[in-house]
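All values below were derived from every heavy atom in this structure, side-chain atoms included, with hydrogens, water molecules and symmetry-related copies excluded. We count ligands from 1, going down the list as the structure has it; atoms in each ligand are counted the same way. Quick caveat, the model's predicted, so the values are computed rather than measured.
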Amino acid sequence: MPKPRIYVTRMLPERGLNVIKQHFDAEVWPEYAPPPKSTIIEKARNCDALASLLSDKIDAEVFNAAPKLKIVSQLAVGFDNIDIPEATKHGIYVTNTPEVLTDTTADFAWALLMALARRVVEADRYVRGGQWKVAWHPAMFTGRDIYNATIGIVGAGRIGYAVAKRAKGFNMKILFYDVIPRPEMEKELGAKKVDLDTLLRESDFVTIHVPLMKETHHLINADRLRLMKKTAYLINNARGPVIDEKALYDALKQGRIAGAGLDVFEQESTPIDNPLLKLDNIVVAPHISSASLETRSKMSEMVADNLVAFFQGKQPPNLVNPDVMKVKPLSKLF
Ligand SMILES: NC(=O)c1ccc[n+]([C@@H]2O[C@H](COP(=O)([O-])OP(=O)(O)OC[C@H]3O[C@@H](n4cnc5c(N)ncnc54)[C@H](O)[C@@H]3O)[C@@H](O)[C@H]2O)c1
């Protein structure tokens, strides 16, 4: 039996890529920048599988061009770049890589939070820029305390919970908002469930951990930013479009909130003329929250494990569109 054909849209970490190469007839896009969509479409035409990244737009145009395509295995927990209803309609299985990146991503939300509150990046620029002339002054780079402060977690799923666990170590008051109850947040961490407006009004640090969906697009808009304390910080390492970036710029520029830590943007990569980048009260990163060596290797392994299980006729462990099994049951595929 010939091996199934797969197109891999980027050079994945070795651990997973080696497994893919062992089980599949694999072609890998070799460049650092993503393949153009036309290339993905052209390659998908003859493939049984795709391994994708969150920067690849995988939609009906791809599915319509790919009659043999059976599965898209994505290296990310978020899958807002994939049109899931269309995939399901076409009988295409979609998988992601949850859990292995939870702690790494929560750590990075904390890195942004702490860098903001204690002005680490500003201070670094000050020292390197030769501005540090006076050895010590009581008013130099005064920031905000993290311990005993109130943190508001928007989206208390895996990453939101891991962020809250860390907050407990800082003796923080923990508020959260979610569309589902999440009793473990209350029982295990003593967190309090509140509505979004209360969370925004009462928190010193607001951190976003919801997936990007129709319902969460611009969830944090101008009106909601107006509810936040003048001294509060906003952290987002979920997805850029959850925050209205233009409204965030206005709030930061007018000093209506104290600062923002952003790993994600409405457009990625964010253009150098994005006005946000002119502000001193933000800390930014290029979408690297899950970027630890070990986690990226584990993610690549999961991409491979989902593919291998599927082509062995089993339900892939991280199937995000289980309804597809009604459209195209595994028994009809293999
Ligand atoms: N920056 C990065 O590199 C990076 C890395 C990992 C994950 N992420 C993002 O983080 C997101 C969260 O990941 P996770 O593993 O914690 O997901 P999860 O599914 O475990 O948690 C998401 C939570 O958000 C809640 N939610 C959904 N819609 C909501 C709404 N409208 N209002 C309030 N809450 C809502 C869900 O009920 C759930 O509890 C991912 O979807 C991804 O986009 C980003």
With a heavy-atom distance limit of 4.0 Å, tell me whether [X] approaches ligand 1 through its side chain, its backbone, both, or neither.
| X | answer |
| --- | --- |
| Ile159 | both |
| Asp178 | both |
| Ala291 | neither |

State the atoms of ligand 1, each with its element, that fall below the 4.0 Å cut-off from a heavy-atom position in [X].
| X | answer |
| --- | --- |
| Thr105 | 4 (C), 5 (C), 6 (C) |
| Ile180 | 37 (O) |
| Ser290 | 3 (O) |
| Ser289 | 1 (N), 2 (C), 3 (O) |
| Asn237 | 1 (N), 2 (C), 4 (C), 8 (N), 44 (C) |
| Val210 | 24 (O), 26 (N), 29 (C), 33 (C), 34 (N), 35 (C) |
| His287 | 1 (N), 2 (C), 3 (O) |

Ligand 1 contact by [X], heavy-atom criterion under 4.0 angstrom:
| X | answer |
| --- | --- |
| Leu212 | no |
| Pro98 | no |
| Met213 | yes |

Open item on the list: I'd like to know whether NZ of Lys253 has more than 12 heavy-atom contacts from other residues, nucleotides or ligands below 6.0 angstrom.
Closed with: no
Shortest protein heavy-atom distance from [atom], along with the residue and atom involved:
| atom | result |
| --- | --- |
| atom 33 (C) of ligand 1 | Tyr177 CE2, 3.4 Å |
| atom 24 (O) of ligand 1 | Pro211 CD, 3.5 Å |
| atom 21 (O) of ligand 1 | Gly157 CA, 3.2 Å |
| atom 30 (C) of ligand 1 | Val179 CG1, 3.6 Å |
| atom 7 (C) of ligand 1 | Val77 CG1, 3.2 Å |
| atom 12 (C) of ligand 1 | His209 O, 3.5 Å |
| atom 42 (C) of ligand 1 | Arg239 NH1, 3.7 Å |

Return yes or no for this condition: an N or O of [X] is under 3.5 Å from an N or O of ligand 1.
| X | value |
| --- | --- |
| Gly78 | no |
| Arg182 | yes |
| Arg158 | yes |
| Asp263 | yes |
| Thr216 | no |

Open item on the list: Less than 6.0 angstrom separating the ring centers of Phe141 and Trp132, yes or no?
Closed with: no
Open item on the list: Quick check: Phe176 with Tyr161 (ring centres under 6.0 Å apart)?
Closed with: no
Basic-acidic side-chain contact under 4.0 Å: [X], [Y]:
| X | Y | value |
| --- | --- | --- |
| Lys37 | Glu61 | yes |
| Asp204 | Lys173 | no |
| Lys57 | Asp83 | no |
| Lys43 | Glu27 | yes |
| Lys168 | Glu188 | no |
| Lys89 | Glu86 | yes |
| Asp103 | Arg166 | yes |

Task: Donor-acceptor pair between Thr88 and Asn321 side chains, under 3.5 angstrom - done: yes
TODO: Would you check if there is a donor-acceptor pair between the side chains of Asn221 and Asp244 at a distance under 3.5 Å?
DONE: no
Task: Inter- and intrachain pairs under ring pair (Phe, Tyr, Trp, His ring centres under 6.0 Å), touching residues 210-233, at least two apart - done: Phe205-Tyr233
TODO: Sort out for me which residue in Lys70, Lys68, Arg5 forms a salt bridge (Lys or Arg N to Asp or Glu O under 4.0 Å) with Asp48.
DONE: Lys70
Open item on the list: Looking at Ser203 and Leu199, would you say the former's side chain and the latter's main chain have a donor-acceptor pair under 3.5 Å?
Closed with: yes
